[in-house]
Amino acid sequence: MRIATYNINGINGRLDTLLAWLADTQPDIVCLQELKAPQAKFPERQLKEAGYASVWHGQSRWNGVAILSRDSEPVLTRRGLPRDSHPSQSRYIEAALNGLLVGCLYAPNGNPAPGPKWDYKLRWLKQFTAHAKQLLALDVPVILAGDYNIIPAERDVYNPDRWRNDALFLPEVRKAYASLLKQGWCDAIATIHPDKPVYTFWDYLRQAWERNAGLRLDHLLLSPGLAARLKDAGVNRVMRGRPKASDHAPAWIALDIK
DNA sequence: ATGTCGACGTGCCGTCGA
């Protein structure tokens with residue numbers, strides 16, 4: 001079984017790109033972020049014709065998350081985090097499918113720091129971490145995939161000093177990520193690629209893609225039972241090089257599950 | 001500070017968030 005996460009940065013503006021990627025790679029489960037589409041403008045029909053059933057949490061202009069499934073209908077278990085301080089921001093959706101519980105997240109960017117957006121990011125990560133702990137306590141296979149807007153470590157950024165004071169890399173968010181892993185989650189990409197940098201994002205600015213000035217922001221965290229079934233992981237870098245690409249590339253894992 | 005995207009409504013450019 002293959003599971004991917006992709007910050008699409010506008011699902012309607014990039015629908016052809018998304019459909020071509022789905023046809024090429026045929027993931028079983030897909031988590032999408034930054035739909036930038038209101039609930040009613042999600043392309044449910046086109047995805048269905050491509051073989052994918054969807055649940056989604058839309059929002060006009062910003063944010064928005066979705067879970068797609070190739071072989072089954074996802075059963076929605078949650079939209080939004082418990083005790084969400086900004087419930088109008090669509091940043092979390094969760095569904096049961098194929099015997100898994102899948103959480104798809106789009107964490108706040110948090111810039112500029114300090115400021116209200118930074119405060120919101122820390123609050124959101126705290127709520128997310130509390131929810132993650134509850135999911136682990138269920139003792140079922142869980143995957144938490146999405147755009148965490150966190151650079152976990154120095155090796156996950158082309159030039160750490162350039163990002164030292166950025167909300168993606170400040171010590172508080174790295175600590176939040178470390179505390180998540182400490183609960184028992186497995187960072188799939190870091191586990192399969194412990195040494196080399198594996199970027200998932202290249203800024204549109206300053207020719208970041210051409211310089212390979214990348215960041216690792218998109219993560220797939222596995223509960224312990226699933227981690228034991230992790231076979232492979234990677235990033236579809238080619239997607240970032242295409243015309244009109246999202247600034248993120250899809251990240252994927254392969255699990256030894258039928 | 002830089003300067004590039006997509007989406008939307010203040011509509012076919014200006015503004016916002018990233």
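- Tested against Pro27(A), the residues Leu22(A), Ile3(A), Asn236(A) include a single side-chain contact (heavy atoms from CB on, under 4.5 Å) partner, Leu22(A).
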- [ ] Quick one: do Glu44(A) and Ser54(A) satisfy side chain to side chain donor-acceptor pair (under 3.5 Å)? Show the steps, please.
- [x] CA-CA 7 Å; Glu44(A) 182 186 21; Ser54(A) 314; over 6 Å; no
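- For the pairing with Ile253(A), the side-chain contact (heavy atoms from CB on, under 4.5 Å) check across Thr5(A), Leu226(A), Leu222(A), Ile192(A) returns one residue only, Leu222(A).
- In this entry the distance linking CG of Asn165(A) with P of dT2(B) reads 18 Å, nearest Å.
- Across dT10(B) and dT15(B), the matching P atoms stand 13 Å from one another, rounded to whole Å.
- Taking a cutoff of 4.0 Å between a charged side-chain nitrogen and a carboxylate oxygen, Asp28(A) and Arg2(A) do not qualify as a salt bridge.
- A distance of about 14 Å separates the P atoms of dG11(B) and dC16(B), rounded to the whole Å.
- Across all strands, Arg206(A) comes closer than 4.0 Å to base atoms (heavy-atom distances).
- Between the CG atom of Leu35(A) and the P atom of dC5(B) there is a distance of 21 Å, given to the nearest Å.
- As rounded to the nearest Å, dG3(B) and dA18(B) have C1' atoms that lie 13 Å from one another.
- In this structure, Arg242(A) atom CZ and dC5(B) atom P are separated by 18 Å, rounded to whole Å.
- Taking every side-chain heavy atom of Ser60(A) into account, dC8(B) is the closest of dC5(B), dT2(B), dC8(B).
- Per the geometry, CG belonging to Leu15(A) stands 11 Å off P belonging to dA7(B), to the nearest Å.
- Of the C1' atoms belonging to dC8(B) and dC12(B), the separation is 12 Å, rounded to the nearest Å.
- Atom-to-atom, CG of Leu18(A) to C1' of dG6(B) comes out at 15 Å; the value is rounded to the nearest Å.
- In this model, no donor atom of one side chain and acceptor atom of the other lie less than 3.5 Å apart for Trp252(A) and Tyr6(A).
- Atom CH2 in Trp202(A) sits about 17 Å away from atom C1' in dC5(B), given to the nearest Å.
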TODO: Take nucleotides 12-18 of chain B nucleotide by nucleotide from the 5' end and write B, S or -, depending on whether a protein heavy atom sits under 4.0 Å from the base, only from the sugar-phosphate, or from neither.
DONE: ---BBBS
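- Among residues two or more places apart in sequence or in another chain, the ring pair (Phe, Tyr, Trp, His ring centres under 6.0 Å) test is passed with Trp202(A) by Trp209(A).
- Screening residues 182-204 of chain A for salt bridge (Lys or Arg N to Asp or Glu O under 4.0 Å), with sequence neighbours left out, gives Asp187(A)-Arg216(A), Asp203(A)-Arg206(A).
- Taking the side chain to side chain donor-acceptor pair (under 3.5 Å) definition, one finds that Glu154(A) meets it with Arg164(A), sequence neighbours left out.
- Atom CD of Gln59(A) is separated from atom P of dG6(B) by 19 Å (rounded to the nearest Å).
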Under 3.5 Å, sequence neighbours excluded: what are the donor-acceptor pairs made by side chains of residues 97-120 of chain A?
{"unit_1": "Asn98(A)", "atom_1": "OD1", "unit_2": "Ser72(A)", "atom_2": "OG", "d": "2.6"}
{"unit_1": "Tyr106(A)", "atom_1": "OH", "unit_2": "Glu34(A)", "atom_2": "OE2", "d": "3.3"}
{"unit_1": "Asn109(A)", "atom_1": "OD1", "unit_2": "Asn111(A)", "atom_2": "N", "d": "3.0"}
{"unit_1": "Asn109(A)", "atom_1": "OD1", "unit_2": "Asn111(A)", "atom_2": "ND2", "d": "3.0"}
{"unit_1": "Asn111(A)", "atom_1": "OD1", "unit_2": "Ala167(A)", "atom_2": "N", "d": "3.1"}
{"unit_1": "Asn111(A)", "atom_1": "ND2", "unit_2": "Asp166(A)", "atom_2": "OD1", "d": "2.9"}
{"unit_1": "Asn111(A)", "atom_1": "ND2", "unit_2": "Asp166(A)", "atom_2": "OD2", "d": "3.4"}
{"unit_1": "Tyr120(A)", "atom_1": "OH", "unit_2": "Gln89(A)", "atom_2": "OE1", "d": "3.4"}

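- Remark: C1' of dT2(B) and CG of Asp203(A) are 11 Å apart, rounded to the nearest angstrom.
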Open item on the list: Just to be sure I follow the notation: if a pair is Watson-Crick (purine N1 to pyrimidine N3 plus N6-O4 or O6-N4) or a G-U wobble (N1-O2 and O6-N3), each under 3.5 Å, what dot-bracket string does DNA chain B give, with | for pairs to another strand?
Closed with: ...((((((...))))))
